[in-house]
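Just so we're clear, the structure is a prediction, and the values are computed from it rather than from any experiment.
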Amino acid sequence: MSMHGVQDEEKIHLNKEEQARIRARSLKLLGEIVKPVQKRLIGSLALVFTSQALKVSGPWLIALILDKSLPLAIQGDFSSLIWTVSTFFAVNLASGFIIAFFMRYSAKVSQDVMFGIRKRLFRHTQRLSIEFHETYTSGRVIARQTSDLDSIKELLDSGGSEMISGILYMIFTAIALITLDAPSFLIMLVSFIPLYFLTRWFQRNTKINYRKTRVASAKLIVHFVETMTGIRAVKAFRKEKRNEETYKDLVEDYRNVNAKVIQLFGIYDPGLIMIGNITVAFVLFWGGFRVIEGSLGVGVLISAILYARSFYDPMENIAMFYNAYQSANSALEKISGVLEEEPSVPEAVNPVELITHSGVLSFKNVEFAYSNGKIVLPKFNLDIPGGQTVALVGTTGAGKSTMAKLISRFYDPTKGTIELDGVDLTKVSDQDLRRAVVMVTQEAYLFSGTVAENIALGKPDATKDEIEQAAKAVGAHEFILTLPDGYDTDVNKRGGRVSAGQRQLISFARAFIADPEVLILDEATSSLDIPSERMVQRGLQTLLAGRTAIIIAHRLSTVSIADRVIVMEHGQIIEDDAPAVLIAGTGKFAKMHKSWRESLV
């Protein structure tokens, strides 16, 4: 069955099976997010029930005043008039107080629900594997956390209370009208026929169009995020105009979809008013005829007209609710899809503790293919002794980074096992694995915060002295002291206040303080200029000492510090030996090394 998780989430027209599956998934999520506050929701319902019952009693009291209390007062008996008028004011005052309390109470419940779902979505998105994030763009993740959750918040803030109070008011009004004047109720009942067909038409059309609005909104956010994230490339290749045109088209699509929704609502709302006015006219005509006839009191007629008129007032609120509901429902479909996704790399159920900490790696009959079925790494075996520095070299797409991701357990092998110190990686807890294996990437991402906080990511409980010792060990201490606030300097997003080489040294200090058994450097120096690379190379000597290291690099200057070189081609290991041995030979690495030496001349 399709439509699992985020699969085909941009699909607009769904068959019955797909609709049923998404509806069930959304309802399940809705039940889960309201379960923690269900007792308070029942309390809210009780408040609404009471307030609407009191509100509906108003016209009934008016009929009582006009047809019974006033005639008695004319005769000199004011007790009934005083009682009914006092009750009328008391009922409206109580209704007002209850509604005011309900609005505050329901707002608190709404915020608690939103807090829960925001936290759950963020936690779940972080828990999902790298494979998910490599295919599901950050723009879509942001759309789920912003515009989609805002749609649900809008429904909870106002739509839910309006819908519940509206429905209860209509039910109580119908009961009151049946009790007061059954013929008037029958007239109102007939009006349900056109009302049903109008509502069904509105429901069918808005469901599709609101689904389109969520897709269009997500595309807008994705394009904006991609443009801002890659702003340097946009500027470098003068893509501003093209991006502007693309964004304009996306905005136009979003505007058109929203315009269609507004047009539908523009037909539905006047339609409700028209049906209500015609119904009131018939109630007035038939009631007036009976008043002349003497079979109906004036007070009952006025009350019947008030009930008939007010009966359709909540319909407009319910239409507004349905407007918000369709938007929230489409958002709920998208969010429930993300939450339905499961990590492709699940955490070990019964984790095995790493007893030894030597950093010995063993690949046993390992084969790897991505979810599309394409084999990236054909079956192979490989042993890496503890403390050895291994360089992985080869052309782009040879499988070097894929091997590094397998060691970090960003992916699991399709076949075979990878062991760390004799333990299958799939049986190691995430906490132990993240402590034992650390990857330093080309980007050297620095989070918002101070230099010290970024280094301490490798060891959250590190002291200030430990942070400084780590920086000194990799050669970062001197340049950090030259920053405006030293270790307390705010690096801003992506380390705006430090150079590329300095960012990399901070990331090395972060890895050093983590003290892993296995360190992976994935193109860690590829983006650096020669002076920066030399600065980083000095830090590498200290960083790699006494631990297993996997170095992925195009620059062979980085390979010079390796004990062993593995040359890969099309996912296969074609050469494996000490650097000096391979350089002296006639194979792939010797040719690569010769070309590199010639490029330096």
Visitor: Considering non-hydrogen atoms only, spot the tightest contact between Val338 and His124 and give its length.
Guide: O-NE2, 3.2 Å
Visitor: Can you say whether the rings of Tyr411 and Tyr370 are parallel (under 30°), tilted (30 to 60°) or perpendicular (over 60°)?
Guide: perpendicular
Visitor: Is the closest side-chain donor-acceptor distance between Ser401 and Asp522 under 3.5 Å?
Guide: yes
Visitor: Output yes when a side-chain donor or acceptor of Lys400 lies under 3.5 Å from a complementary backbone atom of Ile551, and no otherwise.
Guide: no
Visitor: Using modelled atom types and a 3.5 Å cut-off, is there a donor and acceptor pairing between side-chain atoms of Ser408 and backbone atoms of Lys405?
Guide: no
Visitor: Starting at OG1 of Thr125, measure out to CD1 of Ile142 and round the result to the nearest 0.5 Å.
Guide: 11.0 Å
Visitor: Are there more than 12 heavy atoms of other residues, nucleotides or ligands under 6.0 Å from atom NE2 of His133?
Guide: yes
Visitor: Do Arg21 and Glu333 meet the salt-bridge criterion of a basic N to acidic O distance under 4.0 Å?
Guide: no
Visitor: What residues form a side-chain contact (heavy atoms from CB on, under 4.5 Å) with Ala511, not counting sequence neighbours?
Guide: Val438, Val440, Leu519, Leu543
Visitor: Between the side chains of Lys35 and Glu32, is the shortest nitrogen-to-carboxylate-oxygen separation below 4.0 Å, so that they form an ion pair?
Guide: no
Visitor: Who are the side-chain hydrogen bond (donor to acceptor under 3.5 Å, both in side chains) partners of Arg200, not counting sequence neighbours?
Guide: Gln203
Visitor: Under the side-chain hydrogen bond (donor to acceptor under 3.5 Å, both in side chains) test, which residues partner Ser26, sequence neighbours left out?
Guide: none
Visitor: Run the side-chain contact (heavy atoms from CB on, under 4.5 Å) test against Phe122 and tell me which residues pass, sequence neighbours left out.
Guide: Gln126, Gln145
Visitor: Verify, without hydrogens or angle tests, whether Ser129 (side chain) and Val345 (backbone) share a donor-acceptor contact under 3.5 angstrom.
Guide: yes
Visitor: Is Glu245 salt-bridged to Lys248, cutoff N-O under 4.0 Å?
Guide: yes
Visitor: Mind checking salt bridge (charged side-chain N to carboxylate O under 4.0 Å, His left out) for Lys260 and listing every partner two or more places apart, or none if nothing turns up?
Guide: none
Visitor: Has the side chain of Thr395 got a donor or acceptor atom that lies under 3.5 Å from a matching backbone atom of Ala398?
Guide: no
Visitor: Holding to side-chain hydrogen bond (donor to acceptor under 3.5 Å, both in side chains), I want the full list of residues that pass it with Asp148, two or more places apart in sequence or in another chain.
Guide: Arg144, Arg214
